Amino acid sequence: MTSTDVTQEAEGSGPGGYAAARLRLLTEGARSGPPRRRALAELTDDWLAGLFGAGTGGQTGVSLVAVGGYGRGELSPRSDLDLLLLHDGRDDKAVAALADRLWYPVWDLGLDLDHSVRTPQQARKTAGEDLKVHLGLLDARHLAGDLGLTASLRTAVLADWRNQAPKRLPELRDLCAERAERQGELQFLLEPDLKEARGGLRDATALRAVAASWLADAPREGLADARRRLLDVRDALHLATGRATDRLALQEQDQVAAELGLLDADALLRQVYEAARVIAYAGDVTWREVGRVLRSRSVRPRLRAMMNGGKPAAERSPLAEGVVEQDGEVVLARTARPERDPVLPLRAAAAAAQAGLPLSLHAVRRLAATARPLPTPWPAEAREQLVTLLGSGRPTVQVWEALEAEGLVTRLLPDWERVRCRPQRNAVHLWTVDRHLIETAVRAAGFTRRVHRPDLLLVAALLHDIGKGWPGDHSVAGETIARDVATRIGFDPADAAVLATLVRHHLLLVETATRRDLDDPATVRAVAEAVRTEHTLELLHALTEADALATGPAAWSSWRASLVADLVKRVAGVLAGDPPGEPAATAPTAEQERLAVEAFRTGGPVLALRAQTEPPGESAPADPSSVAGPEPLGVELLIAVPDQDGVLPAVAGVLALHRLTVRTAELRSLPLPDGVDGSVLLLDWRVAAQYGSLPQAARLRADLVRALDGSLDIAGRLAERDAAHPRRRGVEPPPPRVTVAPAASRLATVIEVRAQDAPGLLFRIGRALEGAGVRVRSAHVSTLGANAVDAFYVTRGRGAPLPGEEAASVARGLEESLRA
């Protein structure tokens with residue numbers, strides 16, 4: 001029989017022939033999506049079964065099997081047909097003739113065909129050698145012939161897959177990673193490959209294969225819908241182009257959007273990105289679970305049997321209040337109560353990002369289901385935790401994705417919904433709007449040592465393009481949104497105004513530097529009038545660079561950097577004016593004077609604890625141990641000590657030993673009332689317990705007495721604790737930076753320190769300054785997220801500021817000690 005005869009026979013099978021029925025199915029507008037794919041598969045099944053029946057001539061021991069996408073019953077308009085002709089090996093010549101009767105009609109109709117002819121043993125052997133073949137056979141579906149032959153192959157292939165899972169799954173994971181590296185991420189590409197890119201149809205198939213292994217399973221919520229949406233887009237792409245393509249080219253997007261009834265190409269891309277994000281996140285979660293299962297299986301059976309009857313107890317290490325690490329993930333502590341602790345989602349996210357660990361799926365879903373909404377404005381701890389999360393560098397991305405996958409981001413920041421998955425048509429941009437904002441925060445985290453207010457820098461990075469979800473100039477719209485968001489999350493009006501200014505003018509420096517004459521005084525004056533203060537200029541400079549670096553390699557260069565730096569220098573000169581005068585001293589309160597007099601009378605330290613409530617500045621005396629619910633963020637610690645050397649490192653060291661985090665700290669010399677000769681150092685600090693409740697004031701005082709008289713070895717105790725419980729090094733923070741502030745004070749030298757906050761940091765700074773032979777006359781310490789921003793006013797003994805070279809030497813020595 002010639003190929004022409006075979007074709008004529010095929011077209012005669014069924015009313016009007018397969019080709020005509022296929023054309024009618026693809027052109028009728030009433031049916032699309034899954035119903036059309038199923039109908040097309042069923043039509044093709046009937047046609048191939050007819051060809052098979054006509055070609056066997058009573059032959060037994062042979063079957064026709066659909067594999068891959070066709071095996072799943074999913075045929076797009078131009079999908080190829082994946083077919084396996086399975087036989088028992090008794091009559092190879094008859095099988096070859098049957099294959100011709102099957103393959104030629106498919107080719108003659110212009111359909112793509114992926115075919116093979118094998119015995120069950122050959123199919124299993126090939127699957128064992130070729131992972132892609134094995135994956136296709138997992139979806140094997142019987143079409144015609146010997147059903148028992150097909151069923152036995154399916155059973156054997158699935159058993160092989162499960163038995164070989166410890167070997168095949170790492171191979172599959174590497175295959176997915178290599179494909180992602182080659183094709184990129186579907187959720188960010190302007191011309192994505194719907195099948196091959198990360199988060200595409202190939203990854204969805206890989207997740208089905210993992211589930212078939214019984215070792216792990218993907219998060220199922222939303223996964224089937226995401227896969228369906230990508231298949232719908234591919235169907236429309238095939239119909240629009242008339243070709244078997246998976247690449248969604250720019251010139252096809254409007255037509256594909258119209259085919260799907262969407263508003264425009266942007267709406268199409270946003271739908272694709274949302275689906276890809278669901279699949280990619282499910283893949284991350286699934287592959288982590290696979291790794292965990294395989295690691296547990298690698299433990300020697302005898303060792304497992306020795307540990308709790310064969311199941312080792314999972315170690316849980318505390319990371320923050322209500323948050324622990326378990327088996328390489330961040331989970332909620334057994335005592336955590338999300339329904340009573342609205343800050344817990346942000347606290348858990350910040351702890352995970354700081355530790356460089358993923359948030360467990362179970363933890364995120366529990367938080368999404370049960371956590372109470374934050375009040376408006378947010379409590380200070382929530383704002384601190386958001387800043388810590390944003391300042392954690394690269395690990396912020398995976399934690400943010402976990403929050404977003406469960407809807408927590410838009411619950412915290414409702415304005416985020418308008419930029420989520422929003423494409424950017426400018427080819428310079430690598431990311432969608434929302435991911436670009438997170439990437440900018442990641443970049444800004446590396447610049448936190450350059451600015452006085454890293455918290456404002458990080459939040460500005462998160463919000464600078466938030467206006468792109470609205471019509472008109474996104475900077476103008478973003479200014480209003482940023483002010484509202486800043487107020488909602490608890491920044492005071494002055495800080496909210498700075499954030500609004502940064503968002504409004506986040507393009508000002510680069511556009512001015514590259515488009516205007518910097519030698520024209522009007523250019524520099526205009527920028528100075530827009531930013532108004534040197535600190536805002538400093539923040540805007542860092543934001544400009546972070547924004548450009550997060551956009552893509554074409555958006556920043558050494559040439560642009562030098563132009564912007566030149567502009568900033570000129571504007572700073574205009575804003576500086578005359579050096580600022582020394583700030584007026586704040587008058588002590590009655591309680592501070594009382595503590596100072598008592599400290600001078602007793603010759604030892606005197607302290608008091610006051611539990612603070614929101615808003616800042618409104619506090620009432622309280623016994624911190626009696627405060628109901630979670631410990632407040634700000635517990636004020638007042639300490640008065642007779643003026644002497646070593647007070648700063650002693651107090652900081654004692655607080656570190658008691659696991660107290662210093663949020664803010666002020667140290668100053670307080671003159672005593674008239675008639676009393678002498679002075680007292682007053683420390684007004686705000687502290688919080690890392691875990692549990694605050695220690696009693698009496699214990700703090702006793703340890704402080706010992707620290708001041710030298711009988712308490714603080715450095716040794718801290719070193720012993722670090723050796724026994726070393727801190728996880730998840731995020732690699734920027735190195736500390738220590739500078740001398742020029743002309744900041746006429747009475748003292750101002751040493752500025754910007755470093756990663758850590759237990760004992762203030763103790764190390766105080767000890768290093770004491771070791772340099774300088775006297776700390778006052779200090780202004782603040783912790784902004786994970787960043788410590790400190791200023792120390794130092795003199796030589798009780799005298800004047802340090803000479804320039806000596807001041808620089810002290811700063812260098814302090815920086816070296818912090819880097820060690």
Side-chain angles (χ1 to χ4, degrees), residues 448-450 452 639 641 643-658 660-669 681 683 685 687 703-704 706-710 712-723 727 733-742 744-745 748-784 786-820:
T448 51
R449 303 297 175 262
R450 286 170 36 177
H452 288 76
I639 304 176
V641 186
D643 199 349
Q644 59 189 288
D645 293 336
V647 170
L648 176 61
V651 174
V654 167
L655 297 184
L657 285 179
H658 286 274
L660 294 176
T661 297
V662 178
R663 297 295 185 188
T664 62
E666 297 286 335
L667 180 152
R668 59 192 174 103
S669 180
L681 290 178
L683 298 90
W685 292 12
V687 300
D703 282 346
L704 182 55
R706 294 172 58 208
L708 289 170
D709 67 21
L712 178 62
D713 181 10
I714 294 175
R717 291 273 297 277
L718 290 175
E720 288 176 6
R721 190 174 71 189
D722 286 346
R727 291 188 297 275
R737 184 180 179 189
V738 182
T739 57
V740 179
S745 171
T749 297
V750 180
I751 305 288
E752 294 184 338
V753 179
R754 302 171 192 180
Q756 184 81 357
D757 188 34
L761 173 66
L762 193 53
F763 166 71
R764 294 173 61 197
I765 294 173
R767 188 172 61 164
L769 291 174
E770 294 283 341
V774 298
R775 193 85 185 275
V776 179
R777 303 306 304 167
S778 67
H780 307 274
V781 174
S782 59
T783 304
L784 304 169
N787 298 282
V789 183
D790 308 337
F792 302 91
Y793 288 66
V794 301
T795 63
R796 175 64 64 191
R798 296 178 180 272
L802 278 61
E805 283 300 319
E806 185 178 357
S809 176
V810 170
R812 284 195 302 271
L814 175 55
E815 184 171 287
E816 289 171 3
S817 71
L818 295 179
R819 289 172 183 256

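Each residue takes its place number in the sequence, starting with 1. Quick caveat: nothing in here was measured; it's all calculated off a predicted structure.
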Taking every non-hydrogen atom, the tightest pair across [X] and [Y]:
{"X": "Gly653", "Y": "Ile714", "answer": "CA-CG2, 3.6 Å"}
{"X": "Val654", "Y": "Ala707", "answer": "CG2-CB, 3.8 Å"}
{"X": "Leu708", "Y": "Ala650", "answer": "CD2-CB, 3.7 Å"}
{"X": "Pro759", "Y": "Arg721", "answer": "CB-NH2, 4.3 Å"}
{"X": "Thr749", "Y": "Ala807", "answer": "CG2-CB, 3.7 Å"}
{"X": "Val647", "Y": "Glu770", "answer": "N-OE2, 4.5 Å"}

I would like to know whether Leu667 and Val651 meet side-chain contact (heavy atoms from CB on, under 4.5 Å); could you show each step before the answer?
-> CA-CA 11 Å; Leu667 180 152; Val651 174; over 6 Å; no
Could you tell me which residues satisfy side-chain contact (heavy atoms from CB on, under 4.5 Å) with [X], sequence neighbours excluded, listed by chain and number?
{"X": "Ala656", "answer": "Leu718"}
{"X": "Arg450", "answer": "Phe447, His541, Ala542, Glu545, Arg737"}
{"X": "Thr783", "answer": "Arg663, Asp757"}
{"X": "Pro734", "answer": "Thr448, Arg449"}

In a check of side-chain contact (heavy atoms from CB on, under 4.5 Å) between Phe792 and each of Val810, Leu814, Val781, Val750, which one passes?
-> Val781
Non-neighbouring partners of Asp713 that pass side chain to side chain donor-acceptor pair (under 3.5 Å), sequence neighbours left out = none
Return the set of residues passing side chain to side chain donor-acceptor pair (under 3.5 Å) with Arg754 (not counting sequence neighbours), or none when no residue passes.
-> His452, Glu752
Using the test salt bridge (charged side-chain N to carboxylate O under 4.0 Å, His left out), find all partners of Arg706 that sit at least two apart in sequence or belong to another chain.
-> Asp703
Can you measure from CG (Leu655) to CG (Leu683) and round to the nearest 0.5 angstrom?
-> 9.0 Å
Could you grab the distance from atom CG of Asp790 to atom CG of Leu761, nearest 0.5 Å is fine?
-> 6.5 Å
Residues that His780 engages under ring pair (Phe, Tyr, Trp, His ring centres under 6.0 Å), provided they are two or more places apart | Tyr793
Using modelled atom types only, decide if a donor and an acceptor are shared between the side chain of Ser782 and the backbone of Val789 within a distance under 3.5 Å.
-> yes
Expected output: side-chain Arg764 to main-chain Ser817 donor-acceptor under 3.5 Å = yes
Should Leu660 and Val662 count as side-chain neighbours, where that means a heavy-atom distance under 4.5 Å?
-> no
Just grab all the salt bridge (Lys or Arg N to Asp or Glu O under 4.0 Å) pairs involving residues 808-820, residues at least two apart or on different chains.
-> Glu815-Arg819
Begin with the C-alpha distance, continue with both residues' side-chain angles, and end with the deciding distance and a verdict on side-chain contact (heavy atoms from CB on, under 4.5 Å) for Val740 and Ile751.
-> CA-CA 5 Å; Val740 179; Ile751 305 288; 3.9 Å; yes
